[in-house]
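These numbers were taken from a predicted model, which means no experiment stands behind them. The basis for the numbers below is simple: all heavy atoms, side chains too, and nothing from hydrogens, waters or symmetry mates.
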Amino acid sequence: MSKIIDIVLKNLCNDHRRNLMEQEIYKLFISQCKNIEYLSWKTRQPLTLFPGASILFSQLHKLSIDIDYVNSDALYDLAQICKDLNTLSIRSCSHYIPDLFYLIDAQRNLKELNLYTEVDEKTGKELSKALARNRTTINNLYLSSIDNIVLSSLTTLVNLKKLTIFHWENYKKIQQYLTIYEFPNLQQLTLMYGHLSSFKEISLLIEKTIGNISEIYIDTTNKTAKETGILIKAIADNCPKINYLHTYIEPKDFIHIKSLLLNCRSLSTIGLKSLEFFINKNDNNIGDELLNIFTLFSPKSLNEIVISGLWKYSSYAFTRFFESFREHPLYYFGFIDSDNYITNDHKIIIRKYINEGVVKSTDTI
């Protein structure tokens with residue numbers, strides 16, 4: 001909608017005339033558009049007061065709203081006519097607006113709540129209460145930051161299937177709650193850009209699921225985190241349906257990748273990053289063990305592999321690895337972290353298997 005307005009009003013500089021013209025465009029949109037299921041609200045126009053608003057908003061199933069553009073009265077009016085949202089996304093909530101929580105509570109079957117903003121302490125407390133009140137319906141939760149969220153409120157989300165958490169400072173508190181949380185129906189787990197001292201707590205969370213996890217993405221700012229092997233083992237033992245995995249591994253824990261590949265036969269994408277570890281200069285090809293495990297035990301479903309460029313690999317192990325995928329070619333192969341130890345010989349080998357159709361694409365050559 002905003003793009004349409006920009007196109008129409010691109011040569012109109014007068015703020016008053018531009019506001020009037022924008023208002024008329026929104027009025028036309030609201031009165032004429034039927035069966036709209038998704039709306040992104042990023043305007044200061046009082047949309048709920050325009051003719052046809054009650055019909056349009058009553059039919060919405062998905063709403064993205066920038067709180068910094070919407071006043072409390074508009075949220076209150078919205079809550080009166082918009083009650084059937086399945087998905088609510090909140091952006092730029094820089095100040096406390098109590099009617100936001102009235103809108104959340106007005107929904108009859110809110111399944112997905114996305115918070116794409118940091119919130120202050122007061123907003124965090126009220127939002128946490130709203131989560132608890134909607135605990136039986138919400139199954140998808142996205143939190144851009146949890147620093148002011150009451151973490152105990154997440155324990156009430158008994159039907160959670162997808163959990164995404166970005167950015168946290170109090171890692172001791174989040175790790176404590178990871179050991180407490182029980183989301184048996186969990187299918188997707190994403191934890192990014194926060195400090196983790198250990199992967200053990202995540203493994204405990206995974207062990208309490210019923211085997212339906214299909215995606216896991218872990219990214220930590222702490223490159224000295226411990227217990228990568230415990231996490232891989234928990235996934236191997238409890239996630240037979242997983243198809244996407246991005247996490248960390250230490251060379252001493254490479255052995256756990258074998259059970260992962262043997263038990264998770266639907267795995268299609270795997271990314272393994274390196275943590276800081278002591279490099280024995282006499283062990284020049286520490287990554288060969290990992291390549292050999294992929295060579296011997298990869299399921300036919302596996303077609304995207306990304307591994308750390310901080311581990312050294314011999315040309316022999318590299319060649320054996322690619323030869324093992326002749327019967328089921330890789331869609332993508334690449335390196336993550338860096339390519340410090342990827343030589344011209346490695347790149348020549350990759351290019352050879354690209355040309356022979358064993359690998360479809362790569363960013364390395």
### Query
Taking 4.0 angstrom as the limit, do D68 and R91 come out as a salt bridge?
no

### Task
Could I get the full list of side chain to side chain donor-acceptor pair (under 3.5 Å) partners for D120, not counting sequence neighbours?
T123

### Message
Using ring centroids (six-membered ring only for Trp), state whether F166 and Y142 fall under 6.0 Å.
### Response
yes

### Message
If hydrophobic clusters are built from ILVMFWY residues whose side chains come within less than 4.5 Å, do I216 and I305 share one?
### Response
yes

### Query
What about the rings of F333 and Y331, do their centers lie closer together than 6.0 Å?
no

### Query
Considering only heavy atoms from C-beta outward, does the side chain of I235 approach that of I206 to under 4.5 Å?
yes

### Query
What about W311 and F254, are their ring centers closer than 6.0 Å?
yes

### Query
Once the angle between the rings of Y353 and F322 is folded into 0 to 90°, is it parallel (under 30°), tilted (30 to 60°) or perpendicular (over 60°)?
parallel

### Query
Taking a hydrophobic cluster as the set of Ile, Leu, Val, Met, Phe, Trp and Tyr residues connected by side-chain heavy atoms closer than 4.5 Å, whether directly or through intermediates, do I202 and Y177 fall within one such cluster?
yes

### Query
Distance from E37 atom CD to T87 atom OG1, nearest 0.5 Å?
11.0 Å

### Close aromatic pair by centroid cut-off 6.0 Å: Y102 and Y76
yes

#### Entry: Within the 6.0 Å centroid threshold, strictly below: F318 and Y316
no

### Query
Can you tell me how far CG of L75 sits from CZ of F101, rounded to the nearest 0.5 angstrom?
10.0 Å

### Query
Do the charged groups of R320 and E323 touch, with an N to O distance under 4.0 Å?
no

### Message
Check this for me, if you would: do E356 and R326 make a salt bridge, where the nitrogen-to-carboxylate-oxygen distance has to be below 4.0 angstrom?
### Response
yes

### Query
Where does the angle between the aromatic ring planes of H246 and Y217 fall among parallel (under 30°), tilted (30 to 60°) and perpendicular (over 60°)?
parallel

